[in-house]
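Here the structure comes first, spelled out in structure tokens, and everything after it is commentary.
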Amino acid sequence: MRKLILLFGLSMLLANCEVSEEKGLIVDKAMVVSARQEASKIGSEILKKGGNAYDAMIATHYALAVVYPVAGNIGGGGFMVYRANDGKTGALDFREKAPITAHRDMYLDSLGKVVKNKSILGANAVGIPGSVAGTFEVHEKFGTLPFKELIQPSIDLARNGFKVTEKQAKSINSATEKINKVNNYTTLFEKKWKKGDLLKQEELAKTLERIRDFGKDGFYRGETADLFVNYVTNLGGIVSKQDLEKYEAIWRKPISFDYKDHKITSMTLPASGGICLAQILKSIEPFDLSNIDHNSTKYIQLLTEAERRSYADRANFLGDVDFVKVPIDSLTDTNYINQRMASFSWDKATPSSEVSHGKVLGYESNETTHYSIVDQFGNAVSVTTTLNTGYGSKVLVKGAGFFLNNEMDDFSSKPGVPNVYGLIGSEANSIASEKRMLSSMTPTIVEKDGKLKMVLGTPGGSTIITSVLQNIINVVDYNMGMQESVNQPRFHHQWLPDIIKMEPNGFKKETKRKLNTLGYEILEKNSLIIGKVDAILVLPDGKLEGGADKRGDDTAVGF
Ligand code: GLY
């Protein structure tokens with residue numbers, strides 16, 4: 001009898017809220033998908049209370065800053081793309097910027113060589129954070145619930161603590177040595193963490209309370225700014241109070257383009273994602289994918305060659321549009337793209353050296369995080385935010401409890417010398433006072449026939465663009481459901497180094513052998529840099545399916 005009741009209860013639950021192996025969570029009205037269950041739940045509760053997607057964005061963002069310190073942040077920055085229920089789209093740039101006293105050669109030694117790790121580890125790597133300013137911009141333009149209500153659940157979460165997951169314990173423990181090295185006091189991350197441990201962050205709770213009570217000034221001025229600037233200065237960094245006071249998030253016009261019968265809206269510069277996504281999708285659009293099996297040799301070959309050409313352009317042309325002229329229209333022009341693809345051949349790989357020049361370098365694991373939200377009113381937001389690599393610069397502001405980014409490494413420290421992702425930049429992305437560093441973040445929204453279809457994005461450094469790309473193709477060309485799409489093995493090429501990076505065990509031996517024969521070098525490596533896609537698909541019946549990446553602790557919550 002108990003069993004029967006249990007089964008009945010389960011089927012009732014499934015009537016509203018279905019979950020199966022390849023399918024993600026399916027709900028009727030509204031959903032948040034993020035890197036942590038706690039954050040998705042906090043965002044979803046705000047929606048349940050009657051808040052909109054923008055309110056939920058703010059609540060989810062602060063929750064991730066507490067529960068996902070590897071990438072969730074107030075000490076970093078990011079980008080938001082939105083589509084309101086009336087079809088209007090827009091984008092917010094809350095990317096970090098270089099300090100006022102930053103200069104082009106700040107990471108070079110007296111011989112003009114890049115000083116190893118100076119732009120990656122410690123106080124010198126820190127860009128001026130934009131996240132808090134971003135949330136206040138969103139609130140001012142679109143918020144409906146009081147800011148205090150949106151941030152309070154995160155204050156409570158920081159104060160009362162949350163349970164560390166197995167993946168998280170591993171992640172924190174792997175960063176401990178660097179955190180110890182960089183900071184001049186015993187941080188709360190120093191102990192050995194294990195699954196189920198409670199992580200309480202009282203200093204962070206107090207910082208969030210200052211933001212609750214004093215608004216943007218609770219971060220960019222007053223006690224938090226004092227703690228921030230004094231500590232960074234103590235550690236040899238150059239961030240000043242003026243830097244913090246001057247920071248502003250900027251509303252920008254997103255990149256919009258058609259792919260087959262879909263309209264794609266994605267982030268514009270200083271994020272390279274939208275431009276690269278447009279270039280790659282337009283490069284493959286003339287090819288009939290219905291004759292090409294998913295993840296087959298031909299499929300990988302076609303995407304790789306399109307990616308190669310786009311990443312070469314990225315390296316040469318892209319930077320902060322407020323500082324350099326970027327020919328966005330020419331780069332995304334169909335004739336130009338067709339010309340670029342004219343040298344593509346099914347018979348052999350195009351060596352990257354023939355597309356352009358550069359040097360080969362390796363990868364390091366990195367982190368960023370993405371969350372997707374659709375509300376019960378039909379608004380959608382797609383947000384990618386980051387500290388850059390995991391736990392950013394590893395500087396944990398003494399007395400204020402938050403990690404600072406190492407976003408300065410996303411600049412080209414020296415034209416032609418690769419950054420932590422092996423990405424090469426040109427003069428367009430060189431460092432200048434108050435300039436924003438080029439990003440790969442690609443928060444994206446897809447619509448069809450004037451209706452919302454998909455909201456997606458991912459972390460993964462340089463692989464962000466190609467992970468978003470593959471999920472669009474999975475759904476648009478291969479008709480996959482959201483979770484099914486997110487589960488698919490992924491691969492990545494970025495011009496230099498001239499290799500295809502693949503998730504281990506995801507691709508057939510025969511496919512890899514054929515690719516080798518055609519001249520493609522393959523690197524199979526288990527790492528974080530192939531992304532963790534968090535996405536929402538609007539199903540034909542109007543319900544929402546979540547795609548929460550099982551590569552992490554990512555979770556969809558909704559109703
Ligand atoms: N920090 C990674 C990116 O913005 O692309």
Side-chain angles (χ1 to χ4, degrees), residues 35 64 68 70-73 75-81 91-98 107 117 119-121 125-131 134 249-250 252 255 266-277 307 310-311 314-315 318-321 361 363-371 382-395 403-413 418-425 428-429 431 435-444 457-469 492 494-495 501 527-533:
L64 284 168
Y68 197 59
V70 64
N73 68 81
F79 301 99
M80 176 181 95
V81 169
L92 182 66
D93 162 1
F94 53 99
R95 180 68 161 168
E96 298 92 328
K97 52 184 219 176
Y107 297 115
N117 280 336
S119 62
I120 299 172
L121 204 59
V126 177
I128 312 309
S131 285
I250 302 172
R252 297 199 189 267
I255 300 280
S266 190
M267 195 60 212
T268 189
L269 294 168
S272 59
I275 295 173
C276 293
L277 199 58
E307 289 167 4
S310 175
Y311 275 79
R314 181 192 191 281
L318 305 192
D320 184 349
V321 272
L361 240 237
Y363 295 99
E364 234 183 56
S365 88
N366 67 92
E367 274 296 343
T368 292
T369 192
H370 178 86
Y371 50 96
S382 184
V383 180
T384 314
T385 179
T386 191
L387 291 165
N388 195 19
T389 59
Y391 310 93
S393 61
K394 316 290 187 287
V395 174
F403 281 108
L404 292 175
N405 68 83
N406 57 349
E407 221 70 60
M408 289 297 284
D409 189 64
D410 271 345
F411 279 118
S412 172
S413 289
N419 75 355
V420 75
Y421 308 114
L423 287 170
I424 291 171
N429 189 32
I431 305 169
K435 187 175 172 183
R436 281 152 146 94
M437 53 296 280
L438 187 62
S439 168
S440 297
M441 289 190 263
T442 316
T444 299
T458 180
S462 54
T463 69
I464 289 175
I465 301 163
T466 56
S467 290
V468 169
L469 168 86
H492 169 76
Q494 60 177 46
W495 176 51
K501 185 173 184 300
S527 87
L528 301 170
I529 65 169
I530 214 88
K532 293 191 200 93
V533 176

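Counting starts at 1 for both ligands and their atoms, following the listed order.
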Quiz item: Are H370 and T458 linked by a side-chain donor-acceptor pair shorter than 3.5 Å?
Solution: no

Quiz item: Who's touching ligand 1 if we go heavy atoms under 4.0 Å?
Solution: R95, N388, E407, D410, Y421, S439, S440, M441

Quiz prompt | Check: R95 and T386 side chains under 4.5 Å, non-hydrogen atoms | solution = yes

Exercise. Would you mind reporting whether N405 and V126 have side-chain heavy atoms less than 4.5 Å apart?
Key: yes

Quiz item: How long is the span from the CZ atom in R314 to the CD1 atom in I275, to the nearest 0.5 Å?
Solution: 10.0 Å

Quiz item: Any donor-acceptor pair under 3.5 Å linking the side chain of N73 with the backbone of A71?
Solution: yes

Quiz item: So do T385 and F94 actually touch side chain to side chain, heavy atoms under 4.5 Å?
Solution: yes

